[in-house]
Each structure stands twice: as structure tokens, then as C-alpha cells.
Amino acid sequence: MATASEIAAVGVIGAGQMGSGIAQLAAGGGCAVLLLDADPTALSRAVVSISASLRRLAAKGQLSQAACEDSIKRIRCVSAVQDLRDADLVIEAVVENEDVKKKLFVELDKVTKPSAILASNTSSISVTRLASATKRPSQVIGMHFFNPPPVMKLIEVIRGADTSDEVFAAVRSFSERLGKSVICSQDYPGFIVNRILMPMINEAFWALYTGVATKEDIDAGMKLGTNHPMGPLQLADFIGLDVCLSVLRVLHSGLGDNKYSPCPLLVQYVDAGRLGKKRGVGVYSYGHRPSSVRP
Ligand code: 3HC
């Protein structure tokens with residue numbers, strides 16, 4: 001199994017916002033990156049956004065021009081899981097669906113070299129259950145990045161029931177090599193951050209739903225009163241209301257306490273397709289809004 005300094009090739013699966021950000025970080029950390037997505041359009045979009053983000057850092061003097069161009073060159077786009085056969089570490093950032101992730105882990109277990117570490121960027125799905133889909137549960141681990149990955153300083157590392165001490169140590173050091181602080185969570189619903197963050201977001205929806213205050217005042221209250229960079233409703237739009245709802249459902253079913261029951265307003269917004277910033281409308285509007293959605 002590779003130690004942190006031996007992690008030279010990193011596979012990243014999923015070229016969405018999280019996958020692109022993770023690929024950027026790994027390339028910036030000197031790794032050869034294989035960015036995998038079945039959708040060629042998603043891959044081209046990711047390369048454009050990673051290049052723009054790195055060149056912005058170079059323009060601000062936070063990265064030399066040479067380092068910027070070298071990082072871009074270190075990223076290779078691929079379209080099949082077999083292309084990850086030489087990766088020392090694979091980080092998946094695909095859709096938050098347990099069946100999809102498990103199927104992927106079964107495939108990864110077959111095609112990657114025996115020493116490879118398999119990590120999931122899951123925000124709430126059990127790492128132990130994902131690991132059980134493989135024949136190498138001691139080499140499966142959670143690496144939970146925060147959006148936007150290049151900016152946020154944290155990686156939450158989740159140990160599955162069988163994750164070995166060696167794999168945990170390698171992933172911790174590798175995360176630090178990417179310039180991140182690490183916290184370690186055992187494998188319980190929502191881990192540390194979402195266990196605490198999502199009930200706050202849910203409570204903000206309850207406050208809006210029950211008419212305590214306007215969305216603007218709820219957000220201003222938390223921004224200015226507790227120094228959060230975004231208010232909880234704005235943050236929910238940024239994360240995606242569907243993601244918030246899915247994490248709350250994992251907390252509710254996994255911890256069996258009604259305090260995690262999602263607010264009906266959040267459920268209704270998701271039912272209406274108001275998924276947040278990515279859809280142009282959530283709690284707030286960001287331009288085009290489908291006509292079926294009421295103000
Ligand atoms: N990629 C790279 N850099 C980015 C970026 C991106 N996607 N978005 C912003 N940045 C950089 C900007 O270039 C800028 O850099 P500079 O200060 O060196 O010029 C810096 O970040 C600040 O950006 P902006 O000036 O455009 O905007 P803000 O000051 O409003 O910051 C923000 C934007 C960093 C997103 C800030 O609002 C913030 O921290 N919000 C909270 C984000 C948060 O809580 N994320 C975690 C969500 S929970 C999660 O992801 C877990 C999941 O499981 C749900």
C-alpha cells in the first residue's frame with residue numbers, strides 16, 4: 001500500500017464541481033491526475049474551469065506561471081474505470097447514491113492495483129457499507145472535501161469499520177500535502193460537519209416556514225450575528241437543496257430522532273425542482289426560474 005509520499009497518481013471520478021476542485025488540488029500537489037467522467041462535455045467543462053481557476057491564482061501571484069501550467073498539464077481526462085489501473089489513490093465524487101457508489105467500488109476493486117487506496121467524497125453514506133462492496137475494506141476510506149475544494153481548508157477523513165491505521169495515516173498525510181487541515185470522524189451518519197451543519201440549515205427552513213422572519217433576515221442574522229460567510233439559506237442554495245435533503249434523510253433514518261426530520265418547506269422546494277444555485281432557483285432566485293415555481 002502506498003504511503004502519502006508514494007501517492008504519485010490520483011484518479012478522480014466525477015468531473016462536477018467537487019471532482020474538478022479535487023483534481024485541481026491533487027495536480028497542484030504534484031500528482032499525475034486521471035480525471036474520469038463518462039460525459040465528455042463534463043470533462044471539457046472541468047478542464048476549462050480548473051485552468052481558469054489556476055490561472056486566476058497565478059494572476060494573483062499565489063502560484064508561479066510555470067507551476068500553474070505544469071498543474072494543468074498533469075491532468076489527463078479519461079472515460080473508463082480501467083484507465084485508473086495505475087492510480088495509487090482513487091477519490092470518487094459521483095452522485096450521492098449508495099447503489100451507484102457501491103457499483104463503482106466493485107469495479108474499482110477489480111481494475112485498480114492491489115495496493116491502491118479507494119476513497120469516497122461521500123457527504124453522508126456509510127464508508128463501511130461502501131467498503132463491504134470490495135475485497136479490500138482495510139483500504140477504503142472517506143475523504144470528505146468542502147465546496148469549493150480549492151478554497152475550503154478542511155478535509156474530513158472518515159474511517160470505516162475496517163480502515164487500517166496505515167491507510168488512515170497515508171490519507172491524513174496526503175491531505176496535509178494538499179495544504180488542508182484534517183479532522184477524523186468515525187463512520188456515523190453525517191460524520192462531524194454535516195451532523196452539525198444540516199440541522200442548522202433545517203432549523204433555518206423551519207424559521208422561514210413558520211414565519212419567524214424573512215429569508216433575508218434569517219441569513220443576515222447568522223452572517224452578521226455569528227460571523228458565518230453565508231447565511232444558512234444562502235448556503236443551502238450553494239450546496240444544493242437536494243443534497244441537504246438527502247443528508248437530513250440519512251441523519252433521520254440513521255440516528256432515529258425526529259429532530260432530524262426535514263422541514264416540509266425544504267421537501268416542497270426539492271419536489272418543485274428548486275434545487276438552489278445550480279438550477280437558478282432555490283430559496284433565492286439566480287436568474288431564470290421555471291414558470292411552474294411560485295414566488
Ligand atoms: N474555486 C476556486 N476559488 C474560488 C472559488 C472556486 N469555485 N470560489 C471562490 N473562490 C475564491 C476566489 O477566487 C476568491 O479568492 P481571493 O480572495 O484570493 O481573491 C475567494 O475564493 C473568495 O471568493 P469571492 O470573493 O468570489 O466570494 P466570497 O468572498 O463571497 O467567498 C466563498 C466565496 C469562499 C464560497 C464564501 O462565501 C464561503 O466560504 N462560503 C461558505 C462555503 C461553505 O460553507 N462551504 C461548505 C459547504 S458544506 C459542504 O461542502 C459539505 C457537503 O457535504 C454538503
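Quick caveat, the model's predicted, so the values are computed rather than measured. Just follow the structure's listing: the first ligand is 1, and inside any ligand the first atom is 1. Positions are given from 1 along the sequence.
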Exercise. Looking at side-chain heavy atoms only, is the closest gap between Val167 and Arg159 below 4.5 Å?
Worked result: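 Result no, sub-4.5 Å side-chain heavy-atom pair not found.
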For this session: Check whether any side-chain heavy atom of Arg74 lies under 4.5 Å from a side-chain heavy atom of Asp70, and answer yes or no.
Result: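 Side chain of Arg74 against side chain of Asp70, heavy atoms only: contact under 4.5 Å found.
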For this session: Flag Gln17 as yes when one of its N or O atoms lies below 3.5 Å from any N or O atom of ligand 1, and as no otherwise.
Result: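 By distance alone, the answer is no.
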Would you say that more than 12 heavy atoms from the other residues, nucleotides or ligands in this model lie under 6.0 Å from the [atom1] of [X], or not?
| X | atom1 | answer |
| --- | --- | --- |
| Lys113 | NZ | yes |
| Gln17 | CD | no |
| Lys277 | NZ | no |

Would a 4.0 Å cut-off, counted as strictly less than, catch a protein heavy atom around [atom]?
| atom | value |
| --- | --- |
| atom 26 (O) of ligand 1 | no |
| atom 53 (O) of ligand 1 | yes |
| atom 33 (C) of ligand 1 | no |
| atom 45 (N) of ligand 1 | yes |
| atom 30 (O) of ligand 1 | no |
| atom 23 (O) of ligand 1 | no |
| atom 20 (C) of ligand 1 | no |

For this session: Report the distance from atom OG of Ser120 to atom CD of Glu98, rounding to the nearest 0.5 Å.
Result: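 Rounded to the nearest 0.5 Å, the OG-CD separation comes to 10.0 Å.
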For this session: Supply the atom-to-atom distance Phe174 CZ to Ile155 CD1, rounded to the nearest 0.5 angstrom.
Result: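 It is 8.0 Å, given to the nearest 0.5 Å.
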[X] neighbourhood, listing ligand 1 atoms whose heavy-atom distance to it stays under 4.0 Å:
| X | result |
| --- | --- |
| Ser53 | 2 (C) |
| His144 | 51 (C), 52 (C), 53 (O) |
| Pro229 | 38 (C), 39 (O), 40 (N), 41 (C) |
| Ile239 | 47 (C), 48 (S), 54 (C) |
| Met230 | 37 (O), 40 (N), 41 (C) |
| Leu197 | 48 (S) |
| Gln62 | 18 (O) |

Between [options], which one has a non-hydrogen atom sitting closest to [atom]?
| atom | options | result |
| --- | --- | --- |
| atom 49 (C) of ligand 1 | Phe146, Phe145, Phe191 | Phe146 |
| atom 13 (O) of ligand 1 | Met152, Met18, Lys60 | Lys60 |
| atom 4 (C) of ligand 1 | Val193, Leu57, Val151, Ile50 | Val151 |

Exercise. At a non-hydrogen distance cut-off of under 4.0 Å, which region of Val247 contacts ligand 1 (side chain, backbone, both, or neither)?
Worked result: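 The answer is neither.
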Exercise. Do the side chain of Asp37 and the main chain of Ala42 share a donor and acceptor less than 3.5 angstrom apart?
Worked result: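 Side chain of Asp37 to backbone of Ala42: no pair is present.
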For this session: Among all protein heavy atoms, pick out the one at the shortest distance from atom 8 (N) of ligand 1; state its residue, atom name and that distance to 0.1 Å.
Result: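 Looking at atom 8 (N) of ligand 1, the protein heavy atom closest to it is Pro148 CG, 3.8 Å.
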Exercise. Among protein heavy atoms, which lies nearest atom 50 (O) of ligand 1, and at what distance?
Worked result: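 The closest heavy atom on the protein side is Asn147 N, 3.0 Å.
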Exercise. If you group Ile, Leu, Val, Met, Phe, Trp and Tyr whenever their side-chain heavy atoms sit less than 4.5 Å apart, what else falls in with Val78?
Worked result: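 Cluster partners of Val78: Ile13, Leu34, Leu36, Val81, Leu84, Val90, Val94, Val95, Val100, Leu104, Phe105, Leu108, Val111, Leu118, Ile125, Val127, Leu130, Val140, Ile158, Phe191.
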Exercise. Will you find, in the side chains of Glu156 and Ser185, an N or O donor that is under 3.5 Å from an N or O acceptor?
Worked result: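 Absent: no donor and acceptor within the cut-off.
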For this session: Answer with yes or no whether the side chains of Tyr269 and Asp242 bring together a donor and an acceptor at under 3.5 Å.
Result: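 Checked: Asp242/Tyr269 side chains show no N/O donor-acceptor pair below 3.5 Å.
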Exercise. Given Asp109, which of Arg136, Lys102, Lys135, Lys103 fulfils the salt bridge (Lys or Arg N to Asp or Glu O under 4.0 Å) condition?
Worked result: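 Only one option passes, and that is Arg136.
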For this session: Can you sort out the partners of Tyr209 under ring pair (Phe, Tyr, Trp, His ring centres under 6.0 Å), two or more places apart, ordered by chain and number?
Result: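 Checked Tyr209 against ring pair (Phe, Tyr, Trp, His ring centres under 6.0 Å); matches are Trp206.
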